[in-house]
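Treat the numbers as computed from the prediction; the structure is a model and nothing was measured. Naming convention: chains lettered A, B, ... in sequence-line order (proteins, then strands); numbering from 1 in each chain.
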Protein chains: 2
Amino acid sequence: MADASITRTRILNACRALLESDAGAVTRMSDVAKAAGVSRQAVYLHFKTRAELLIALTRHIDEVEHVEERLVASRSATGLERLDAYIEAWGAYIPVIYPVGQALMAMAPTDDAARLAWDDRMNAMRQGCEAAVKALAMAGRLRAGLGEKPATDMLWTLLSVRNWESLVQDCGWDQTRYIKDMKALSRAYLCAEIIDA
Amino acid sequence: MADASITRTRILNACRALLESDAGAVTRMSDVAKAAGVSRQAVYLHFKTRAELLIALTRHIDEVEHVEERLVASRSATGLERLDAYIEAWGAYIPVIYPVGQALMAMAPTDDAARLAWDDRMNAMRQGCEAAVKALAMAGRLRAGLGEKPATDMLWTLLSVRNWESLVQDCGWDQTRYIKDMKALSRAYLCAEIIDA
DNA sequence: AATACGCTTGACATCGTGTCAAGTTGCTGT
DNA sequence: ACAGCAACTTGACACGATGTCAAGCGTATT
């Protein structure tokens, strides 16, 4: 996929490292170049724009971290188990893409390409939610009176990167606690289950 | 509060109007000036920076829209009613501050002043969540095994502007539906209530 | 030895924010 | 009536970041 020249990969890795360390600070093209031990223009030779670099980075991370494999697993389960599996898989992946995601979200308001790319990803994520909801409906576990559309909307919203950020980053929650409570919350909303300690 | 010269108010109103109409697009200082029928520098005479303008705008909106009054109402209620009242009051206020909030959030990653100001507001909002949770605890309605801290964290997260944005703006939800479901979701999480259609 | 490729160097355009200095207008107090 | 002040205008400029352009340089391939 794409080409994988030495320099290109170094740039991607440097960019990733920067985004992961400087959590919060803005990573400039010149920073990336410096960190990759390459000239600023070399970066532009491989990526036309900053948005393109970040987008390529998400794909790069997807490959290196095997997103597909992670998410495919949840696809074999049915009913409630499928929901749990999906929340586990996606929830565990959030911290991995979070740094790039944050950078993309930050530039989304001003950069169309970045916005489209991120929306696209979130749309793909929504498919997973929709599938989980459908699996629930199939098993007759979807709460009475709850349509598949609003169910998907809410699940998608609950599992958003921003909610993970709020709980884990801002409130200092444990990743395990986050997963556990998201499962409970989703079940409560989708299946009208009671949440027990 | 602050001074209220004609020009200053015109700038604030113009800025607000722009943010409300151009939903999404970036509002530049020159745009604000043009819309207010004033020179760009006049804007800088009243507000040292863009962040300061936006922050002043939030306060201006708070005054004009009577946030205090709206939120104070919820403070007299107790137990479950207090939670409902708070969600109603805050939920109804989100669409009002959303345009400015969006602008502030957009510049938060690169602008310390903007970030601090927005964090401050969200902190104030958190107080409301905390108080609602305390009222619940006081009434013995807080779910067994749920501490006040995680309860507040989750309520705060659920009621975030971004979640409202996701459901109402992105998914096209009705404001009433948003309020209704947020109440149900909060009760489910905080009080282990079942959600019934 | 010639060529092509990948990278470097350094200059430059653009855009938005924020600053500065000098000029204009209109209101105020005496 | 007039000096003086405050608010606003005009136009120029610095800065930081992105993105572009052109020329040069080293090295592997043929």
*Does B:K149 pair with B:E130 as a salt bridge, N-O distance under 4.0 Å?*
no

*asked:* Please classify the nucleic acid contact of B:S5 as base, sugar-phosphate, or nothing, using heavy-atom distances under 4.0 Å.
replied: nothing

*In terms of side-chain heavy atoms of A:R50, which of C:dG10, D:dT9, D:dG19 is nearest?*
D:dG19

*asked:* I need the NZ-P distance between A:K34 and D:dA17, as an integer number of Å.
replied: 11 Å

*asked:* Between B:R40 and B:T7, which residue's closest nucleotide on DNA chain D lies nearer the 5′ terminus?
replied: B:T7

*Taking atom C1' of D:dC8 as reference, at what distance in whole Å does atom CG of B:L45 sit?*
7 Å

*Go through B:Y93 and B:E65 one step at a time and tell me if the side chain to side chain donor-acceptor pair (under 3.5 Å) criterion holds.*
CA-CA 9 Å; B:Y93 197 59; B:E65 304 285 347; over 6 Å; no

_Taking 4.0 Å as the cut-off, does a side-chain nitrogen or oxygen of B:H46 come that near to OP1 or OP2 on D:dA7?_
no

*Take atom CZ in A:R115; do more than 12 heavy atoms of anything else shown fall under 6.0 Å from it?*
yes

*Nearest listed nucleotide, side chain of B:M29, among C:dC7, C:dT17, D:dG19*: C:dT17

*Given C:dT8, C:dA11, C:dT19, which nucleotide is nearest the side-chain atoms of A:S39?*
C:dT8

*Rounded interatomic separation in angstrom, taking CG from B:L53 and C1' from C:dG16*: 15 Å

*Spacing of B:Y44 atom OH relative to D:dT10 atom P, expressed in whole Å*: 17 Å

*Do B:W164 and B:Q169 meet the criterion of a side-chain donor-acceptor pair at a distance under 3.5 Å?*
no

*In whole angstrom, give the distance that lies between atom CZ of B:R28 and atom P of C:dT17.*
7 Å

*Nearest to the side chain of A:Q41, which nucleotide is it out of D:dA12, D:dT18, D:dT20?*
D:dT20

*Rounded to whole angstrom units, what separation is found between the CD1 atom of B:I6 and the C1' atom of D:dA7?*
13 Å

*Over how many whole Å does the gap from A:F47 atom CZ to C:dC7 atom P extend?*
11 Å

*If you look at every strand shown and take non-hydrogen atoms under 4.0 Å, does A:V26 touch a base, only sugar-phosphate, or nothing?*
nothing

*Could you state the CG-C1' distance from B:D111 to D:dA17, rounded to the nearest angstrom?*
15 Å

*Before accepting this row, confirm whether a basic side-chain N of the pair A:R141/A:E193 lies closer than 4.0 Å to the acidic partner's carboxylate O.*
yes

